[in-house]
Asker: 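Below: one structure in structure tokens.
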Amino acid sequence: MPYFDAASAAPLHPVARQALLAALDEGWADPARLYREGRRARLLLDAAREAAADAVGCRPDELVFTSSGTTAVHTGMAGALSGRRRVGRHLALSAVEHSSVLHSAAAHEAAGGSFTEVPVGRSGAVDPAAYASALRPDTALACLQSANHEVGTEQPVAEVAALCAEAGVPLLVDAAQSLGWGPVAGGWSLLTASAHKWGGPAGVGLLAVRKGVRFAPQGPAGERESGRAPGFENLPAIVAAAASLRAVRDEAAAEAVRLRALVDRVRTVVAERVGDVEVVGDPERRLPHLVTFSCLYVDGETLLHELDRHGFSVSSGSSCTSSMLEPSHVLKAMGVLSEGNVRVSLPPGTAEADVDRFLEVLPGVVAEVRERLGAPVSVPPSPSPAASLVVDALGRRCPIPVIELAKVIGEVPVGATVTVLADDEAARLDIPAWCEMREQEYVGEEPADRGSAYVVRRLS
């Protein structure tokens with residue numbers, strides 16, 4: 001069964017499995033103890049730290065291991081904000097950061113701090129100049145991911161890091177998605193990552209803090225990991241994480257070329273064969289293994305279930321899935337279509353034949369879901385168009401509001417409007433996205449008795 005969700009968790013690398021099993025026999029003792037078993041465990045921990053630091057591009061004494069990438073983010077942000085509290089309590093971050101960064105920002109605000117979200121363009125990248133404008137004299141910390149978790153767009157980290165350095169603000173980089181493909185360029189100050197994203201075991205995160213960055217660990221003090229990650233180290237998992245990071249880096253150059261070609265094929269063929277689809281994310285500055293696209297008139301939950309039934313494991317940022325009530329904050333910030341969203345992220349070793357079969361299956365699956373929902377195949381013009389129409393889609397989830405809009409747009413004359421009444425949060429994003437895709441005019445949103453009224457003017 002082809003697994004196409006490496007951005008969530010990559011399959012355990014063979015080197016990680018071998019290192020984990022070996023470390024279970026050799027690294028079970030307390031590395032803080034001076035007896036033979038403790039010394040042996042300490043040697044393994046030190047070697048793992050050196051290997052990870054070499055991959056990150058920092059000194060070994062600048063890097064600590066945490067219990068997850070999320071913990072690394074929370075620890076890094078809290079420590080940097082506290083260490084620079086005399087400067088101020090303002091935080092700058094992009095609007096498409098991982099939820100762990102956004103949750104830390106919300107906690108910081110609840111505790112009396114403030115933060116500014118820097119907007120992104122439709123590709124998902126920030127403009128360095130816009131990021132610089134968010135830096136203030138009281139900015140204690142800036143955060144910018146190296147590459148987006150949902151659409152794969154790479155961020156201009158080096159440019160933003162230079163602007164942050166000029167302003168005297170440390171930059172924390174979430175490198176969870178990109179670290180397996182190479183080091184993060186630029187003068188970052190703090191960096192976080194998560195082992196299960198590159199084929200290491202779950203439950204291991206990295207936090208690197210450059211020398212000279214003011215950092216005050218929060219919470220009860222611990223004796224381990226420089227006081228920044230209290231608790232007994234999961235040494236076998238740490239050894240496996242460092243070993244697999246070195247292994248995937250050795251394979252990264254060749255595998256990136258191969259997977260980028262497969263992803264390019266997905267981007268091209270999906271646009272050709274599916275129809276009414278938007279491939280999102282930067283087409284060039286992106287991770288080599290990841291592609292995201294959104295399909296009009298498709299229920300995301302049903303689409304994922306149908307693809308799973310055909311043997312393909314993919315994920316989605318669509319609000320049409322049962323686990324989400326709102327569209328992905330990433331797709332929302334980009335202003336792109338969210339309904340029927342599919343993220344394909346290929347793990348190393350993905351076979352070309354599996355990608356070809358996915359591209360053969362996908363168009364039929366999308367067509368079947370659209371037919372089941374009564375989506376329009378085309379929009380025939382009405383012989384006697386109405387001056388304007390109101391579509392009541394209250395109480396109906398995506399993609400129904402957009403489907404109902406598409407069904408009736410041909411019933412009004414060019415220049416007239418269709419008003420869609422909807423209380424589903426996804427409509428706020430998907431109706432404007434539909435207008436852009438179908439070259440109609442999105443007039444705007446108006447308050448309604450329940451939900452909102454979205455006004456669309458027919459242009460053609």
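Small disclaimer: the values here were computed from a predicted structure and weren't measured.
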Asker: Just do the salt bridge (Lys or Arg N to Asp or Glu O under 4.0 Å) check on Glu306 and Arg309 with the steps written out, would you?
Answerer: CA-CA 5 Å; Glu306 288 300 312; Arg309 192 169 65 84; 2.7 Å; yes
Asker: Angle between ring planes, Phe4 versus Phe312, binned at 30° and 60°: parallel, tilted or perpendicular?
Answerer: tilted
Asker: Output, in order, the C-alpha distance, side-chain angles, deciding distance and verdict of side chain to side chain donor-acceptor pair (under 3.5 Å) for Thr139 and His90.
Answerer: CA-CA 4 Å; Thr139 301; His90 177 252; 2.7 Å; yes
Asker: What heavy-atom pair brings Cys398 and Asp430 nearest, and what distance separates the two atoms?
Answerer: CB-OD2, 4.3 Å
Asker: Decide yes or no for Trp434 and Ile409: does some side-chain heavy atom of the first lie under 4.5 Å from some side-chain heavy atom of the second?
Answerer: yes
Asker: Are His103 and Val73 close enough that some pair of their side-chain heavy atoms sits under 4.5 Å apart?
Answerer: no
Asker: Examine the side chains of Ser315 and Asp5 and answer whether a donor and an acceptor come within less than 3.5 Å of each other.
Answerer: yes
Asker: Okay, side chain of Ser104, backbone of Val101: is any donor-acceptor separation there less than 3.5 Å?
Answerer: no
Asker: What's the verdict on salt bridge (Lys or Arg N to Asp or Glu O under 4.0 Å) for Arg89 and Asp138, showing C-alpha distance, side-chain angles and the deciding distance?
Answerer: CA-CA 6 Å; Arg89 305 200 64 191; Asp138 64 337; over 6 Å; no
Asker: Set out, in order, the CA-CA distance, both residues' side-chain angles and the distance that settles side-chain contact (heavy atoms from CB on, under 4.5 Å) for Val274 and Cys295, then state yes or no.
Answerer: CA-CA 8 Å; Val274 175; Cys295 308; 4.3 Å; yes
Asker: Write down the atom of Val184, the atom of Ser146, and the distance for their closest heavy-atom approach.
Answerer: CG2-CB, 4.1 Å
Asker: Between atom CG of Leu373 and atom CD of Glu404, what is the distance when rounded to the nearest 0.5 Å?
Answerer: 10.5 Å
Asker: Calculate, to the nearest 0.5 Å, the distance between atoms CD and OG belonging to Glu154 and Ser123 respectively.
Answerer: 11.5 Å
Asker: Sub-3.5 Å donor-acceptor pair from the side chain of Gln440 to the main-chain atoms of Leu459, do we have one?
Answerer: yes
Asker: Are Val365 and Glu368 close enough that some pair of their side-chain heavy atoms sits under 4.5 Å apart?
Answerer: no
Asker: For Glu360, is there an ion pair with Arg357 - N to carboxylate O distance below 4.0 angstrom?
Answerer: no
Asker: Can any side-chain N or O of Thr350 pair as donor or acceptor with the backbone N or O of Pro347 at less than 3.5 Å?
Answerer: yes
Asker: If every non-hydrogen atom of Ala147 is compared with every non-hydrogen atom of Ser178, which pair is closest and at what distance?
Answerer: CB-CB, 4.3 Å
Asker: Less than 3.5 Å apart, any donor N or O on the side chain of Glu117 or His329 sitting next to an acceptor on the other?
Answerer: no
Asker: Between Arg267 and Phe293 (side chain of the first, backbone of the second, donor and acceptor by atom type, cut-off under 3.5 Å), is there such a pair?
Answerer: no
Asker: For the CG atom of Leu405 and the CD1 atom of Ile400, what is their distance to the nearest 0.5 Å?
Answerer: 12.5 Å
Asker: Is there a side-chain contact (heavy atoms from CB on, under 4.5 Å) between Arg273 and Leu359 once you walk through the steps?
Answerer: CA-CA 9 Å; Arg273 296 182 184 174; Leu359 293 173; 4.0 Å; yes
Asker: Under the 3.5 angstrom rule, does the side chain of Arg260 hit a backbone N or O of Arg286 as a donor-acceptor pair?
Answerer: yes
Asker: Between Ser82 and Arg85, is any side-chain donor less than 3.5 angstrom from a side-chain acceptor?
Answerer: yes
Asker: Give the intermediate values and the outcome of side-chain contact (heavy atoms from CB on, under 4.5 Å) for residues Asp424 and Arg396.
Answerer: CA-CA 7 Å; Asp424 181 50; Arg396 309 185 74 183; over 6 Å; no
Asker: Is the shortest heavy-atom distance from the side chain of Glu339 to the side chain of Asp299 under 4.5 Å?
Answerer: no
Asker: Examine distances only and state if a side-chain atom of Ser345 and a backbone atom of Ala7 form a donor-acceptor pair shorter than 3.5 Å.
Answerer: yes
Asker: Side chains of Leu91 and Met77: does their closest heavy-atom pair fall under 4.5 Å?
Answerer: yes
Asker: Would you call Glu150 and Asn341 a side-chain contact if the rule is heavy atoms closer than 4.5 Å?
Answerer: no
Asker: Closest approach of Glu425 and Lys332, non-hydrogen atoms and distance?
Answerer: OE2-NZ, 3.2 Å
Asker: Counting N and O atoms only, with roles assigned by atom type, does the side chain of Gln155 sit under 3.5 Å from a partner on the main chain of Thr153, one being a donor and the other an acceptor?
Answerer: no
Asker: Within the 4.5 Å heavy-atom criterion, are Arg122 and Val336 side-chain neighbours or not?
Answerer: yes
Asker: Could you check whether any side-chain N or O of Glu255 sits under 3.5 Å from a backbone N or O of Pro348, counting only pairs where one atom can act as donor and the other as acceptor?
Answerer: no
Asker: Under 4.5 Å between any side-chain heavy atoms of Val277 and Val366, yes or no?
Answerer: no
Asker: Arg343 side chain to His149 main-chain N or O, any donor-acceptor pair under 3.5 Å?
Answerer: yes
Asker: So how far is it from His13 NE2 to Glu251 CD, rounded to the nearest 0.5 Å?
Answerer: 3.5 Å
Asker: Donor-acceptor check, side chain of Ser68 to backbone of Thr71, threshold 3.5 angstrom: yes or no?
Answerer: yes
Asker: When rounded to the nearest 0.5 angstrom, what distance separates CD in Gln145 from NE2 in His98?
Answerer: 9.5 Å
Asker: Evaluate the criterion side-chain contact (heavy atoms from CB on, under 4.5 Å) for residue pair Glu446 and Thr419; output intermediate values, then yes/no.
Answerer: CA-CA 10 Å; Glu446 299 175 354; Thr419 300; 5.8 Å; no
Asker: Using a 6.0 Å cut-off, check whether atom CZ of Arg258 has over 12 heavy atoms from anything other than its own residue.
Answerer: yes
Asker: So with a 6.0 Å cut-off around CD of Glu441, is the heavy-atom count from everything else above 12?
Answerer: yes
Asker: Ignoring hydrogens, what is the shortest heavy-atom contact between Val248 and Leu245? Give both atom names and the distance.
Answerer: CG2-O, 3.3 Å
Asker: For a quick test of reading the model, state the closest non-hydrogen atom pair linking Arg249 to Pro183 and the distance between them.
Answerer: NH2-N, 3.2 Å
Asker: How long is the gap from CG on Leu190 to CG on Asp174, to the nearest 0.5 Å?
Answerer: 12.0 Å
